[in-house]
Q: 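One structure, pasted below without further comment.
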2 protein chains.
Amino acid sequence: MQQRHANLRKLAISTAESRIAECGIQGLKARFVAKEIGCSVGTLYNLFKNIDFLIFAVNLKTLSALETLLKHASTSSTTGAQALRSITNTYINFTLSNPNLWLTLFEHQFTNPDDTPQDYYQLRINLFHILEAQVTDIHPNLSAHDIALESRALWAGVHGICMLNITNKLDDDGYTLNDIATTLISKFVGERKEATP
Amino acid sequence: MQQRHANLRKLAISTAESRIAECGIQGLKARFVAKEIGCSVGTLYNLFKNIDFLIFAVNLKTLSALETLLKHASTSSTTGAQALRSITNTYINFTLSNPNLWLTLFEHQFTNPDDTPQDYYQLRINLFHILEAQVTDIHPNLSAHDIALESRALWAGVHGICMLNITNKLDDDGYTLNDIATTLISKFVGERKEATP
DNA sequence: CGCCTGCATTGAACTGTGTTCACTGAGGAA
DNA sequence: TTCCTCAGTGAACACAGTTCAATGCAGGCG
């Protein structure tokens, strides 16, 4: 039945999600998920063409959750600078609270790139626009092209800091994620740093 | 014999290196390397405790090559700002010329973190100091602590840009790696951007 | 009601890969 | 010559993702 199909799919995604959150992407096994949701591996492969697609569905949920948080951070601030700080802090906190889910967004290479659903790109673009809108607010005199570059540089920078932090290539030397991020962000915002929540 | 042992090890590392360079880390197989260097898998496992250690040896070579390049970039510049641009450009070009080798430096999670040889950390610290020295040169009035933060923010930023670029999460929208990197770096150097080699 | 058909479900089997380990044989010592 | 040692071997094991022939169930038909 179609209903059972849809329910099983949701169940599989939830199971995969918590498994990844707990054990990382390498802890996700087809047999485990199948057993957990009470079906055979064969059925799981009817629900998802392959494991990539299951991971993908989890990634969509992760991106979606992140989008909600970032939108909230963006709209609940009064100034552009404040919003930008709030957005980046929210992002950083998300990576700290959900390291494995966040890592899975990037760690996993799709076997066949053409498989990548369009939703994914769209959602990523949406996220990016939240940031870009605030950069525009801060620098009303910059061209669209420069805004785009500025936003991408900031985004990539924050991304790099979070990535190095989570893969333990950053803070084993005593400088914290938040301090480094604040240093980066202040370059883009122009104001001096403040304490992080 | 000890000699043969050492030779085989070198051969294995070279083979793994070119294999990774060509096919990525997922293209590296124990059986392939063993066959290529003319020994059995068993012997390969006498040379390296496990595949991680082989990958590791390749990573050391990669870091070492990178160090040579960055040192050269650093010393062949006259001003600190010029050196910083040269260093980051060299780094970026390295990631473009050796995407798979560079990715392997970060992509691969050691199964057992305690296995990580000390050399590795040391080499990474060395690389970092090359950058830090130039940041110090540019901002002679900053405290050591601020220099450290500044350097780490810049390094993480460049890293993030390269990573997003290589994993195709950046330039599918028309903004190039070099433009974005230049935008980032100019925030740290203070001068305006110039053409990239 | 019994039979048939289509299709979701199953799980054994296949494939590929890292890793192990009992065996082998070459080379040196006695 | 005989024995010992140990590096080298590759068959075998463990464990994953993935497939597919067989199964059985639900619903329609006579």
Side-chain angles (χ1 to χ4, degrees), chain A residues 1-13 15-20 22-59 100 103-104 107-116, chain B residues 1-13 15-20 22-59 100 104 107-117:
Chain A
M1 197 206 285
Q2 204 58 30
Q3 185 59 35
R4 167 177 156 80
H5 196 276
N7 284 341
L8 257 190
R9 238 188 95 91
K10 271 192 184 172
L11 206 51
I13 295 171
T15 303
E17 185 185 25
S18 34
R19 185 67 177 176
I20 290 175
E22 195 186 344
C23 309
I25 183 70
Q26 71 278 12
L28 186 72
K29 309 289 146 119
R31 283 168 180 81
F32 174 86
V33 174
K35 190 179 223 177
E36 201 78 357
I37 69 178
C39 74
S40 67
V41 272
T43 299
L44 189 62
Y45 276 83
N46 282 340
L47 299 172
F48 302 92
K49 189 178 160 193
N50 58 44
I51 281 286
D52 282 349
F53 280 78
L54 174 55
I55 295 170
F56 218 75
V58 173
N59 280 350
N100 286 329
L103 263 184
T104 300
E107 224 174 41
H108 187 69
Q109 304 280 20
F110 235 80
T111 307
N112 178 3
D114 294 341
D115 284 345
T116 313
Chain B
M1 194 206 283
Q2 204 58 29
Q3 186 57 35
R4 168 176 157 79
H5 195 277
N7 283 342
L8 257 189
R9 238 188 96 91
K10 271 192 184 172
L11 206 52
I13 296 170
T15 302
E17 185 185 26
S18 35
R19 185 67 177 176
I20 290 175
E22 195 185 344
C23 309
I25 183 69
Q26 71 278 12
L28 185 72
K29 310 289 146 124
R31 281 169 181 81
F32 175 85
V33 174
K35 189 179 224 178
E36 201 79 358
I37 69 178
C39 74
S40 67
V41 271
T43 300
L44 189 63
Y45 276 83
N46 283 340
L47 299 172
F48 301 92
K49 189 179 161 193
N50 57 45
I51 281 285
D52 282 349
F53 279 77
L54 174 55
I55 294 171
F56 217 76
V58 173
N59 280 350
N100 286 328
T104 300
E107 224 174 39
H108 186 70
Q109 303 280 21
F110 235 81
T111 307
N112 179 3
D114 295 340
D115 284 344
T116 312

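Computed from a predicted structure; not experimentally measured. Letters A, B, ... mirror the listed sequences (proteins, then strands); counts begin at 1.
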Q: Taking only residues two or more places apart in sequence or in another chain, which ones pass side chain to side chain contact (heavy atoms under 4.5 Å, CB included) with A/F56?
A: A/F110, A/T116, A/P117, A/Y120
Q: What integer distance in Å separates A/N46:CG from D/dG17:C1'?
A: 15 Å
Q: Give me the bend of the helix from C/dC1-D/dG30 to C/dA30-D/dT1, using the axes of the five pairs at each end, rounded to 10°.
A: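 That helix has its two terminal axes inclined by roughly 40°.
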Q: Could you check whether any side-chain N or O of B/R19 sits under 3.5 Å from a backbone N or O of B/G27, counting only pairs where one atom can act as donor and the other as acceptor?
A: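 Flag set: sc B/R19 to bb B/G27 pair under 3.5 Å.
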Q: In whole angstroms, how far is the P atom of D/dA7 from the CG atom of B/N7?
A: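 That distance rounds to 17 Å.
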Q: Could you please name the option among D/dT9, C/dT10, D/dA11 that lies closest to any side-chain atom of B/T43?
A: D/dT9
Q: For residues 22-32 of chain A, which residue pairs qualify under side chain to side chain donor-acceptor pair (under 3.5 Å), counting only residues two or more places apart or in two chains?
A: none
Q: Mapping A/G42 and B/L8 to their closest nucleotides on DNA chain D, which lands nearer the 5' end?
A: B/L8
Q: Enumerate all atom pairs, one protein N or O and one N or O from nucleotides 14-18 of chain C, separated by less than 3.5 Å.
A:
{"unit_1": "C/dT17", "atom_1": "OP1", "unit_2": "B/K29", "atom_2": "NZ", "d": "2.9"}
{"unit_1": "C/dG18", "atom_1": "OP1", "unit_2": "B/L28", "atom_2": "O", "d": "3.3"}
{"unit_1": "C/dG18", "atom_1": "OP2", "unit_2": "B/A30", "atom_2": "N", "d": "3.0"}
{"unit_1": "C/dG18", "atom_1": "N7", "unit_2": "B/R31", "atom_2": "NH1", "d": "2.7"}
{"unit_1": "C/dG18", "atom_1": "O6", "unit_2": "B/R31", "atom_2": "NH2", "d": "2.7"}

Q: Less than 4.5 Å apart, any side-chain heavy atom of A/F53 and any of A/L47?
A: no
Q: If you compare all heavy atoms of B/L44 against all heavy atoms of B/A12, which two are closest, and at what distance to 0.1 Å?
A: CD1-CB, 4.1 Å
Q: Rounded off to whole Å, could you give me the CG-to-C1' distance for the B/L44 and D/dG10 pair?
A: 13 Å
Q: Excluding sequence neighbours, so at least two apart, what forms side chain to side chain contact (heavy atoms under 4.5 Å, CB included) with A/T104?
A: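 Partners of A/T104 under the side chain to side chain contact (heavy atoms under 4.5 Å, CB included) test: A/I20, A/I25, A/I55, A/N59.
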Q: Rounded to whole Å, please give me the gap between CZ in A/F32 and C1' in D/dC15.
A: 16 Å
Q: Using the side chain to side chain contact (heavy atoms under 4.5 Å, CB included) criterion, which residues pair with A/E36? Sequence neighbours excluded.
A: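 Checked A/E36 against side chain to side chain contact (heavy atoms under 4.5 Å, CB included); matches are A/T15, A/F32.
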Q: Output yes when at least one side-chain N/O atom of B/S40 is less than 4.0 Å from OP1 or OP2 of D/dG10, else no.
A: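 Result: no.
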Q: In this structure, how many angstroms lie between the P atom of C/dT9 and the CZ atom of A/R9, rounded?
A: 14 Å
Q: Testing the basics here: between B/R9 and B/A57, what is the closest heavy-atom pair and its distance to 0.1 Å?
A: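 Where B/R9 meets B/A57 most closely, the heavy atoms are NH2-CB, 4.4 Å.
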Q: Taking all atoms of both residues into account, what is the closest heavy-atom pair of A/N50 and A/Y45, and its distance?
A: CA-CE2, 3.9 Å
Q: What is the distance from CD1 of A/I55 to P of D/dA16, rounded to the nearest Å?
A: 14 Å
Q: Separation of B/L47 atom CG from D/dT9 atom P, in whole Å?
A: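 Whole-Å distance recorded here is 10 Å.
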